[in-house]
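None of the values given here were measured: they were computed from a predicted structure. We use all heavy atoms of the structure for the numbers below, so side chains are in, but hydrogens, waters and symmetry mates are not.
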Amino acid sequence: MNITGIIAEYNPFHGGHSFHIKEAKKQTGADYCVVVMSGDFVQRGEPAIFSKYLRTKMALAKGADLVVEMPSVFAVSSAEDFAACGVMLLERLGAVTHLCFGSEEGDIAGIQMAAGIFSKETPAFSARLQEGLKKGLNWPQARSQALGALTADQDSVGAQRINRLLLSPNNLLGIEYCKAILRFGSSLRPVTIQRKGNGYHDSAIEGGQASASAIRRSLTEKGDCGKASTLSFKAHVPEEVLTLYHQGRILGPEDGAALLNYRLLTLLHEGADLTAYWDVSKELADRLKKRLLEYDGWEGRIRQLKTRQYTYTRISRALTHILLGITDAQISQAKEAGYAPYARILGFRREAGPLLSALKAHSQIPLITKTADVSRLLTGAALELFYQDIYASHIRQSMETAKYGGPVQNEYNQPICII
């Protein structure tokens with residue numbers, strides 16, 4: 001049995017994602033497709049635009065056979081940790097044979113070459129990286145410069161190719177997937193499909209397949225899901241999925257601003273050490289304290305903290321870690337537990353019975369289908385990590401209730417999605 005794995009956010013699901021699932025199955029000869037998907041919050045450090053249950057339905061409607069939730073602490077993390085968690089979750093399911101991801105490069109050889117260099121982290125590379133950081137470059141810039149300098153000394157053609165790879169976000173994530181496969185000795189076979197359509201950050205709806213960023217911008221700016229999908233990007237979303245868009249209650253980063261302000265005020269009142277939270281450096285903590293009472297929205301907070309060294313996304317993630325209470329200690333504990341000590345199934349297709357049987361027979365980690373079973377199946381760090389997922393869900397539900405009113409489905413009683 002060939003089972004291909006995909007690591008995704010589907011924020012939101014669109015035609016490019018549908019193409020990816022179809023091509024992933026085709027190129028790997030897969031009988032089934034398992035998707036590891038971010039839940040309530042995403043890698044950019046903001047709430048997912050639609051609920052994880054609605055996004056699960058979208059994925060299942062267009063070819064995914066089973067969707068599992070990525071643990072929330074790694075869903076809101078750097079590309080390195082996001083990829084590491086996704087790879088470990090697929091690996092520990094025991095039956096997944098391939099990992100298929102989209103990339104601008106479309107050639108697995110170049111991506112694997114770069115991953116091999118990154119995975120070694122030689123003293124020379126580390127020295128070059130530190131040089132760049134001391135000059136005020138942010139981490140992605142410093143890493144690119146360090147790699148380019150080292151490869152230029154050895155192979156000018158290879159250096160040019162790797163530098164081209166590092167300019168594109170999907171290539172970068174693909175490199176991290178392959179690096180994680182090497183790092184953990186995973187049996188997953190990586191496959192890449194060349195990404196088509198507009199660029200990852202392209203805000204245009206016109207032209208090729210619109211990016212998720214462009215669709216999110218259209219949804220949040222217009223404010224009405226039905227009108228937005230009808231007037232702007234209808235051609236870029238499969239019809240079955242577009243129907244589900246109409247059921248969505250849209251959330252964006254600004255919907256977390258009030259909760260963040262309350263959280264920061266409470267921590268200041270309690271004299272908490274902000275550097276205990278993941279990704280919050282002393283510099284960021286000091287700037288936050290200094291400008292705490294300058295109330296602003298989510299993006300306003302980011303502008304207050306922005307420096308050349310910190311990217312927008314890095315700051316947004318740091319603020320989300322504070323909002324969700326994700327600490328350095330918790331991350332260390334989660335990594336020691338193997339990144340993914342359980343697999344929470346969000347939904348599956350009825351026809352995927354043999355897939356479920358294979359996972360039950362070979363999975364190295366507990367499969368969670370009912371929250372009522374969690375205290376029986378999990379202990380220690382795994383149980384704490386799962387409760388963190390529940391907490392993240394409740395935070396997102398608080399945002400949804402504040403914006404749209406209640407009630408919302410209690411996370412503890414949410415039924416698994418079966419189509």
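Put simply, the side chain of E411 does not reach to within 4.5 Å of the side chain of T371, judged on heavy atoms. Between K52 and R344 there is a side-chain heavy-atom pair separated by less than 4.5 Å. Within the 4.5 Å cutoff, side-chain heavy atoms of K62 are placed close to those of E240. At least one side-chain heavy atom of I331 sits under 4.5 Å from a side-chain heavy atom of K335. Two residues are said to be in side-chain contact when any heavy atoms from C-beta on lie closer than 4.5 Å; Y412 and I390 meet this criterion. In this structure the side chain of S211 reaches within 4.5 angstrom of the side chain of R195, judged on heavy atoms. By the 4.5 Å heavy-atom criterion applied to side chains, Q304 and R287 are not counted as neighbours. The shortest side-chain heavy-atom distance between F13 and I215 does not fall under the 4.5 Å cut-off.
Heavy-atom minimum distance, L385 versus A334: CD1-CB, 3.9 Å. When every heavy atom of D279 is checked against every heavy atom of L284, the shortest pair comes out as O-CD1, 3.7 Å. Considering every non-hydrogen atom in both A48 and R396, the closest pair reads O-NH2, 2.7 Å. Across every non-hydrogen atom of K403 and L251, the tightest pair is CD-CD2, 3.9 Å. Among all heavy-atom pairs drawn from A24 and I6, the shortest one is CB-CD1, 4.1 Å. Closest approach of L378 and P341 over heavy atoms only: CD2-O, 4.3 Å.
Note that CG of D81 is 8.5 Å distant from SG of C85, once rounded to the nearest 0.5 Å. Here R301 contributes atom CZ and S316 contributes atom OG; the two are 13.5 Å apart, rounded to the nearest 0.5 Å. Rounding to the nearest 0.5 Å gives a distance of 10.0 Å between CG of D40 and CD of E400. Considering CD1 of I419 and CD of E351, their distance stands at 8.0 Å, rounded to 0.5 Å. Atom CD of E283 is separated from atom CD of Q309 by 6.0 Å, given to the nearest 0.5 angstrom. Residue E23 holds its CD atom at 10.0 Å from OG1 of T28, rounded to the nearest 0.5 Å.
Side-chain atoms of N170 and S168 form no donor-acceptor pair, as typed in the model, at a separation below 3.5 Å. Using modelled atom types and a 3.5 Å distance limit, the side chains of R216 and S213 yield a donor-acceptor pair.
Applying the side chain to side chain donor-acceptor pair (under 3.5 Å) test to Y277 and every residue at least two apart in sequence or in another chain returns R263.
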- Given the rule in the side chain to side chain contact (heavy atoms under 4.5 Å, CB included) test, do L359 and L66 qualify, once you have shown the distances and angles that lead to the verdict? CA-CA 11 Å; L359 295 183; L66 184 138; 4.1 Å; yes
- Report the C-alpha distance between N11 and S38 in whole Å, list the side-chain angles of each, state the deciding distance to 0.1 Å, and finish with yes or no for side chain to side chain contact (heavy atoms under 4.5 Å, CB included). CA-CA 9 Å; N11 190 40; S38 302; over 6 Å; no
- Verify side chain to side chain contact (heavy atoms under 4.5 Å, CB included) between E80 and K179, making sure each step is shown before the conclusion. CA-CA 9 Å; E80 181 177 35; K179 192 176 86 173; 3.0 Å; yes
- Task: Under the side chain to side chain contact (heavy atoms under 4.5 Å, CB included) rule, what do L89 and I7 come out as? Steps first, then yes or no, please.
- Result: CA-CA 10 Å; L89 186 42; I7 303 169; over 6 Å; no
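A donor-acceptor pair under 3.5 Å is formed between the side chain of R55 and the backbone N or O of G39. A donor-acceptor pair under 3.5 Å is absent between the side-chain atoms of S363 and the main chain of K360, judged by distance alone. Within the 3.5 Å criterion, the main-chain N or O of G338 finds a donor-acceptor partner in the side chain of R92. Looking at Q364, its side chain never comes within 3.5 Å of a backbone N or O of G94 through a donor-acceptor pair. S357 places a side-chain N or O within 3.5 Å of a backbone atom of G353 that can act as its donor or acceptor partner. Using a distance-only test at 3.5 Å, with no hydrogens or angles considered, no donor-acceptor pair links the side chain of K289 to the main chain of L274. Between the side chain of T313 and the main chain of R44, no donor-acceptor pair closer than 3.5 Å is present. Between the side chain of N261 and the main chain of A258, no donor-acceptor pair closer than 3.5 Å is present. Side-chain atoms of E9 come within 3.5 Å of backbone atoms of Q43 as a donor-acceptor pair (strictly under, hydrogens ignored). Proximity of a side-chain donor or acceptor of T192 to a complementary backbone N or O of F101 within less than 3.5 Å is detected.
Using bins of under 30°, 30° to 60° and over 60° for the plane-to-plane angle, the ring pair F74/Y339 lands in the tilted bin. Using cut-offs of 30° and 60° for the angle between ring planes, the W278 and H321 rings count as parallel. Classification of the H17-H14 ring pair by plane angle, with boundaries at 30° and 60°, yields parallel.
Under a cut-off of 6.0 angstrom, the local environment of NZ in K26 is sparse, with at most 12 non-hydrogen atoms contributed by other residues, nucleotides or ligands. Crowding of E294 atom CD: a count of heavy atoms from other residues, nucleotides or ligands under 6.0 Å exceeding 12.
Counting only residues at least two apart or on different chains, no ring pair (Phe, Tyr, Trp, His ring centres under 6.0 Å) pair has a member in residues 279-314.
Considering D65, L90, T4 as possible partners of V34, the one that fulfils the side chain to side chain contact (heavy atoms under 4.5 Å, CB included) test is L90.
Here K282 pairs with D286 in a salt bridge; the nearest charged N to carboxylate O distance falls below 4.0 Å.
Aromatic pair F50/Y245: ring centres closer than 6.0 Å.
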